[in-house]
Each structure stands twice: as structure tokens, then as C-alpha cells.
**Student:** 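The structure's right below; bear with me while I get my questions together.
Owing to the predicted nature of the structure, the values given are computational and were not obtained by experimental measurement. The first residue in the sequence is number 1, and the count goes up from there. Ligands are counted one by one from 1 in listed order, and the atoms in each one are counted from 1 as well.
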Amino acid sequence: MFLYMSTPLFISLTFFTLVSATIHLHPLDPLNAMELTRVQTIVERSHPGSAFHYIGLAEPDKSSILSWLATSLNQSSTTPSPRQAMTIIRHHNQTHEIIVDLLTTTIIYNRVYTGFGYPSLSGEEVTMAMKLPLTYPPFVISVRKRGLKLDQVVCQPYPIGWFGVQGKREVKLACYYLEGTVNMHARPLEGISVVVDLEEMKISKYFDRVRVAVPKAEGTEYRLSQMRPSTVRATMVNRITVVQPDGPGFKIDGHIIRWANWNFHLGFDVRAGVIISLASIFDVQKQEFRRVLYKAYVSELFVPYMDPTEEWYYKTFFDAGEFGFGLCTLPLEPLRDCPANAVFIDAFYAGQDGKPLQIPNALCVFERYAGDVMWRHTEIGIPGEFIREVRPEVTLVVRMVSTVGNYDYIIDWEFKQSGSIVAKVGLSGILEVKGTAYTHTDKIKEEAFGTLLAENTLGIYHDHFLSYHIDLDIDGEANSFVKNKLVTKRVKDNSSLRKSYWTVEKVTARTESEANIKVGAEAAELVVVNPNKKTKLGNPIGYRLIPRSSPASSLLSDDDYPQIRGAFTKYDLWVTPYNNSEKWVAGLYADQSRGDDTIATWSERDREIENKDIVLWYTVGFHHVPSQEDFPVMPTLSGGFELRPTNFFEANPVLNSRVPMPVNWPNCTSPHK
Ligand SMILES: *[C@@H]1O[C@H](CO)[C@@H](O)[C@H](O)[C@H]1NC(C)=O
Ligand SMILES: *[C@@H]1O[C@H](CO)[C@@H](O)[C@H](O)[C@H]1NC(C)=O
Ligand SMILES: *[C@@H]1O[C@H](CO)[C@@H](O)[C@H](O)[C@H]1NC(C)=O
Ligand SMILES: *[C@@H]1O[C@H](CO)[C@@H](O)[C@H](O)[C@H]1NC(C)=O
Ligand SMILES: *[C@@H]1O[C@H](CO)[C@@H](O)[C@H](O)[C@H]1NC(C)=O
Ligand SMILES: [Cu+2]
């Protein structure tokens, strides 16, 4: 499932470097390589031979972060930040949760987890499991029976899900045929089921049920170097770049990024991937930074396939919880994944042995100038005058790409000077396809569960549900969630020639259940307000969540096993009170989870959320009916949402924004001077 491009780090741990490195850390900084090594040493000492499935920051409670920030503003005091690491290991076939305090270098919490579900798979065990079939005699026979070459077969591990019975820690393998292509996902070997027991690291079940033609290699190529020049020419465009002769306009100070009127903390977690925290915007009128976003990240990514047959029913993946959205992050390619003016940032995580690994260029940060307009007006109504004011839009983008097996997810966080934060996800990569005997849709007699994309190749229907954890703190923690319902009114008293109009009815959600919403089912603005603060004119200060793609909640039945585990997909939006231990919307132990630690169970308490520190969980969903254009590799399909100030400022915050100076680049002159 993973390409190992991560670089092992060899670190000489001296007391001096550890101490000096700790003092300048921000409490939200991801664990650095030295800290990971420290955790590994301490845990390995008490639990020798552990397999590390997770090491990440044990995030301090919000109150302690905020008080650290307040005191660290005083230059004179250099309070070391609280640093603790959360570790999930497998040791003697048991799951342990261990918290290590990095300042005192001691274990402060250690318990065996006995609930349902297993920790995320480690990259190393996945790599080992993949190789098992190639030396497993029944599999070798199956490959021969199909007339295929064993050395051209590669297998990929898939979590087995939960279907009502407690399973061992196992994965299933799906195998693919490489000959004549590098697009292995396009050439599945259907009909074979391989189950691997991960504790024993051996094949525990094996079936070869049906034989289906392996789709052909022709037409599956996607490398530019292999394309015939005549086919490339039609889509050729001229040379193009973004030039900033004065360098980027942002500053990176540790993990703090300052740009234009924004500053925020940029973190990384092996499970969540990129994490945005403590985003504040400078208010020109008030002459101060104002808090907007405490924290935001992708909490889970659920991808259920819609084929209930034996070889496919279990394909209902939780990519963050089962694999690690951060673990699947691979180095970005300069000039292609990110533009010429991008700055790249490395990330660190722990391998199965607990030792630090580096992902070079895991994140990029760049200013985007895409020719868009921030605001404008032309006034031709004044006799004798022609007024035109245009402000071009420059924004700041943080990007990460996570390649979870066949799919690539391009995760963007974009900051606008006007106060908006835009979250965007782009789906690309290779579809999960199924081999079939069919070569034309006219011949398909029974239910196919997908679209015929090429001869012998079905693109199976599926969903992508990304749940975003969005902890807004609008001018402070005490916030409320308000639905501004747009309701139709009738004119009843003949006072107007109009028969109808719409108006706004504000409904504040008092408890969790009142906030659940299927966006699109009703016309409403979704607003987080600070009910304790008002603009000078008396409007509640707020931020609005605007979907940037059609919402898509789950179409599965409530009693279907994957739906019980992925219950967050029942609504597009949930609102919960802040709770530092409610981080993963489908549960901490997502592999073979049973849905007893999901937002649906947390919310059963129906806690109060009015004028409280609240968290929004918004799902960016896609029902994916594959089409032929998605084959052999899919052009990016995007979705997302915008967090937009709504009566947060007294007026347009970019009214007096400047226009960037023109760039006189050699040999680059505008024909429309
Ligand atoms: C900074 O330190 C001074 C003196 O110790 C104290 O009075 C003040 O409250 C501190 N400021 C913050 C923001 O903690
Ligand atoms: C873990 O369990 C497997 C059986 O599932 C057993 O073969 C193995 O010895 C066990 N390992 C340890 C360390 O107990
Ligand atoms: C409105 O006008 C209609 C037609 O002139 C009349 O029948 C009706 O009684 C009026 N309704 C009111 C509330 O005045
Ligand atoms: C925080 O969430 C956890 C998990 O849902 C729960 O056990 C705990 O009681 C919650 N804490 C508070 C203060 O509600
Ligand atoms: C500009 O054009 C000149 C002459 O064609 C060439 O020598 C030079 O390399 C060009 N500069 C850039 C930056 O492209
Ligand atoms: Cu898809």
C-alpha cells in the first residue's frame, strides 16, 4: 500500500540538544525527531520489542495552551511548553496506550486497551503482509492456473472491516498484475481472497472462488514519458510560472506562519496529516489580532464501496484511522504539486520500531495569484466620471497530498485577506476497479455495481466522506451555533403587488441534536457566533460555513455495519462541545471498530452547546459514480467549504488593501500595456 520514500534519521541524543530544542517549542508543535527518539527509548525500555502504531503529540487541554500563550507573550518569561507524547503500541498481542512526559522523561499513563477495534496498521507490517502470497503454494497455483507470471503479481492489504463478528487482527489482500503497465490497480486478479493474520504474519484463510479475465494493460499507461508525442500536442500550453522577485510574503517561525493579516500554527500528525491551529486575523479598525480558528484537520476519511459480493463487500475503508492520512503523505514535487514560489516543509513520524522517519517536502506553503478578483466596481452612473476600482486576489495556501493506495487526496487550506479560510480537497489518482467478463454495457445482464470503464474493467460505485474537525473560537471560546433559516413568507394583506418573499429566522441550537443538519435539505446559513460580542451596530459577531461542493451524506441503511462505524456520514454537520479526547469522528481504534466510539455515540448525551466552546464536524462528501474520463487516472475532482466572516468586521476588511506592485520580468511584457 505504501511506497517507502521516508528517510530514516540517525540522531545522536545529547542532553544539551534535547533541552535547547524543547525550550523553543510551541505546545502544539508536532513531535520532532529528537522527541520521537526519546519516546521510543523510554517506551522500549519498559516494553521491549514493542510495535509502535502511533506516536503523536498528546495535546494539552485548550485552557493550558491558552494560558501558555498568554504568559509566553511576556518576553521576559520563557515557560517551557508542556510536552507529552501519546503512544499506541502492540506488545504481547495487546494494545497499550502510553503517555510519556518529555520534560520529566517518564511514563505518566499506561493502560491496556481492551475495547473493540485495533490501532492503525503500521507501514512495515503492511509491507510484510504484501509479500506473503508470493511464496504461498495455493496462491502460486492460482496464478499459474490463470496463465500469469508470479513475478508480475503485487498484492495490497485492505482492512477487513467489521460485519458482526469479532475478528482477529487481520487484513485481506487484493492482488494485481503488472505485466505491460505500472498501473497495477487497473489489472486486478479477481476471485481470490487472501486473509493475513498480522500477529502471526501468515496467511490464515485462502479462497480461489472465481476466475475472471485480468483487464488488459493497453490503455492503462499514465506516465508522460511513455506517451506518444502526437497525443500530447493537443493540450499543450505555453510556458507559465509565478514570480515573486522579492521572495515570498510570508514568514515561517518554527511552526508559526505569518502572512498579510493572518497568523497561524501549522502542525502535522501521522494520523490526521496537516493541522491548522490558532489562526488569528489582524483587524485594522480594532488594531489587534482576533481569534478565529482554534484548530482544524481532517478527522476521518471513509470510503465505502457499493459492491456486496464476496470479494468486495468488506471494502469500506477508514483511511485516517486504519492507515493514517499523514502516514500516506509523500514528498511533493516542486513546480508540479506546488508552484515555483512555494516553500516546502518536512514532516516526521515514528516507524514501527518507534524510530523517527522523515517525509521530505511533506507540506508546501505558497501565495496563490491565479488572476482572480478580490473585489471590484466600475461606476458609469456619474455624468462625466468613470470610476473603476479593482483589487486582485492573492491568497496563502498550505498543501499536503496523501496517497492512500490507489487514490490521491490533495488537501488545501487557503487563507484570504478578506478573512475567509477555504478548505479544499481534490480527488485524483487511480480508481479501485473490478475485473469483469464484460466488454460492452449492452451485454451486462446482472447487477454490475459500477460503470464499465474499459474492456473487462468496472469502476465500482463508492463514496468519499472527509470529516473535518473545525474548532472555531470566534473572539473567544464561548460560541453558539445558529441556523439562519431562509423561510418563504406570503403577503396576505394586499399591501403589495408581490405574493411572496423570503426572510431570515435565526435558530440557535441549544443542544447537540438541534445542530445536526443535512445541508441542502433546507435553505439555511450555518453560522458560528460569539453571543457575547456584537458589532457597533449590534449584529452578533460570527463566521459562516459555506459548502463549496454539493453535500453528500450517506445513502447506506442505518443498520449496515459500515454505516454503524461511519455514523458521522448520517448528517453533513454535527456540533459538539469541546472535549480534548474527542478527536477521531469514527473512533480512535478504527480498524474493525464497532461504532461504539463515534460522534453518534458521543452525541447521544445531547450536551448543551449554546454559548459554549463548540466544535463543528463537517463532512465533505462525494458519491462517486465513475465515468470513463476517470480512467486510467482521474482528473482532479474538488470539493470543500469556506469559513467566511459574517458581521465579524465592522466593514469590508480589505477596503484599503493595496494592489501588489507589478513585476517587470525580463522578456515578459504585457501586450495590453
Ligand atoms: C506579563 O508579566 C507582568 C509582570 O510579571 C504581568 O503583570 C502581566 O500580567 C503579564 N502579562 C501576561 C499577558 O501574562
Ligand atoms: C501473539 O499471538 C499469536 C497467535 O495469534 C502467537 O503466535 C504469538 O506467539 C503471540 N505473540 C506473543 C508475543 O505473545
Ligand atoms: C385582497 O384583495 C382581494 C381582491 O381584491 C380581496 O378579495 C381580499 O378580501 C383582500 N384581502 C384583504 C386581507 O384585504
Ligand atoms: C470527553 O469525551 C470522552 C469520550 O467521549 C468522555 O468519556 C468524557 O466523559 C468527556 N468529558 C467530558 C468532560 O465531557
Ligand atoms: C531573455 O531573452 C534573452 C534573449 O532572447 C535571453 O538571452 C535571456 O536568457 C532571456 N531571459 C530570461 C529570464 O528568460
Ligand atoms: Cu472516487
**Student:** Starting from atom 13 (C) of ligand 2, which protein heavy atom do you reach first, and at what distance in Å?
**Tutor:**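 I find the closest protein heavy atom is H92 CD2, 3.7 Å.
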
**Student:** Using a 4.0 Å cutoff against the non-hydrogen atoms of S581, which atoms of ligand 4 qualify?
**Tutor:**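 It comes down to these atoms of ligand 4: 1 (C), 2 (O), 3 (C).
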
**Student:** What N/O/S atom of H624 is the closest to the Cu ion (ligand 6)?
**Tutor:**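 Result: ND1.
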
**Student:** Which of parallel (below 30°), tilted (30 to 60°) and perpendicular (above 60°) describes H464 and H624?
**Tutor:**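 Answer is tilted, since the angle falls between 30° and 60°.
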
**Student:** In terms of side-chain heavy atoms, does S467 have a donor or acceptor partner in S299 at a distance below 3.5 Å?
**Tutor:**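 No, because no side-chain N or O of S467 sits under 3.5 Å from a partner of the opposite role on S299.
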
**Student:** Going by the angle between their ring planes, with limits at 30° and 60°, are Y468 and W413 parallel, tilted or perpendicular?
**Tutor:**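 Ring orientation of Y468 relative to W413: perpendicular.
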
**Student:** Looking only at protein heavy atoms, which one is nearest to atom 4 (C) of ligand 4, and what is the separation?
**Tutor:**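 For atom 4 (C) of ligand 4, the nearest protein heavy atom is E582 OE2, 3.7 Å.
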
**Student:** If you have a sec, work out which protein heavy atom is nearest atom 2 (O) of ligand 2 and how many Å separate them, to one decimal?
**Tutor:**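 Going atom by atom, the protein heavy atom closest to atom 2 (O) of ligand 2 ends up being N93 ND2, 2.1 Å.
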
**Student:** May I ask you to check whether Y407 brings an N, O or S atom to under 2.8 Å from the Cu ion (ligand 6)?
**Tutor:**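 Given the 2.8 Å cut-off, Y407 counts as a ligand of the Cu ion (ligand 6).
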
**Student:** Applying side-chain contact (heavy atoms from CB on, under 4.5 Å) to V433 and H185, what does each step give before you reach the verdict?
**Tutor:** CA-CA 7 Å; V433 301; H185 299 284; 5.9 Å; no

**Student:** Find all atoms of ligand 4 within a distance of less than 4.0 Å from any non-hydrogen atom belonging to W602, and give their numbers and elements.
**Tutor:**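 By the 4.0 Å cutoff, the relevant atoms are 5 (O).
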
**Student:** Heavy-atom count check: over 12 atoms from other residues, nucleotides or ligands less than 6.0 Å from R111 CZ?
**Tutor:**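 Buried by this count: over 12 neighbours within 6.0 Å.
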
**Student:** At what distance is the nearest protein heavy atom to atom 7 (O) of ligand 2, and which residue and atom is it?
**Tutor:**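 For atom 7 (O) of ligand 2, the nearest protein heavy atom is E200 CG, 3.7 Å.
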
**Student:** Would you please classify the geometry between the H91 ring and the H47 ring as parallel, tilted or perpendicular, with 30° and 60° separating the classes?
**Tutor:**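 Answer is perpendicular, since the angle exceeds 60°.
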
**Student:** Are Y54 and F52 an aromatic pair, judged by ring center distance below 6.0 Å?
**Tutor:**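 No.
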
**Student:** Using heavy-atom distances only, which candidate in D597, L588, T576, N579 approaches atom 10 (C) of ligand 4 most closely?
**Tutor:**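 Ranked by closest heavy atom to atom 10 (C) of ligand 4, first place is N579.
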
**Student:** Between R605 and ligand 4, is there a nitrogen or oxygen pair with a distance under 3.5 Å?
**Tutor:**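 Yes, R605 has an N/O under 3.5 Å of an N/O on ligand 4.
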
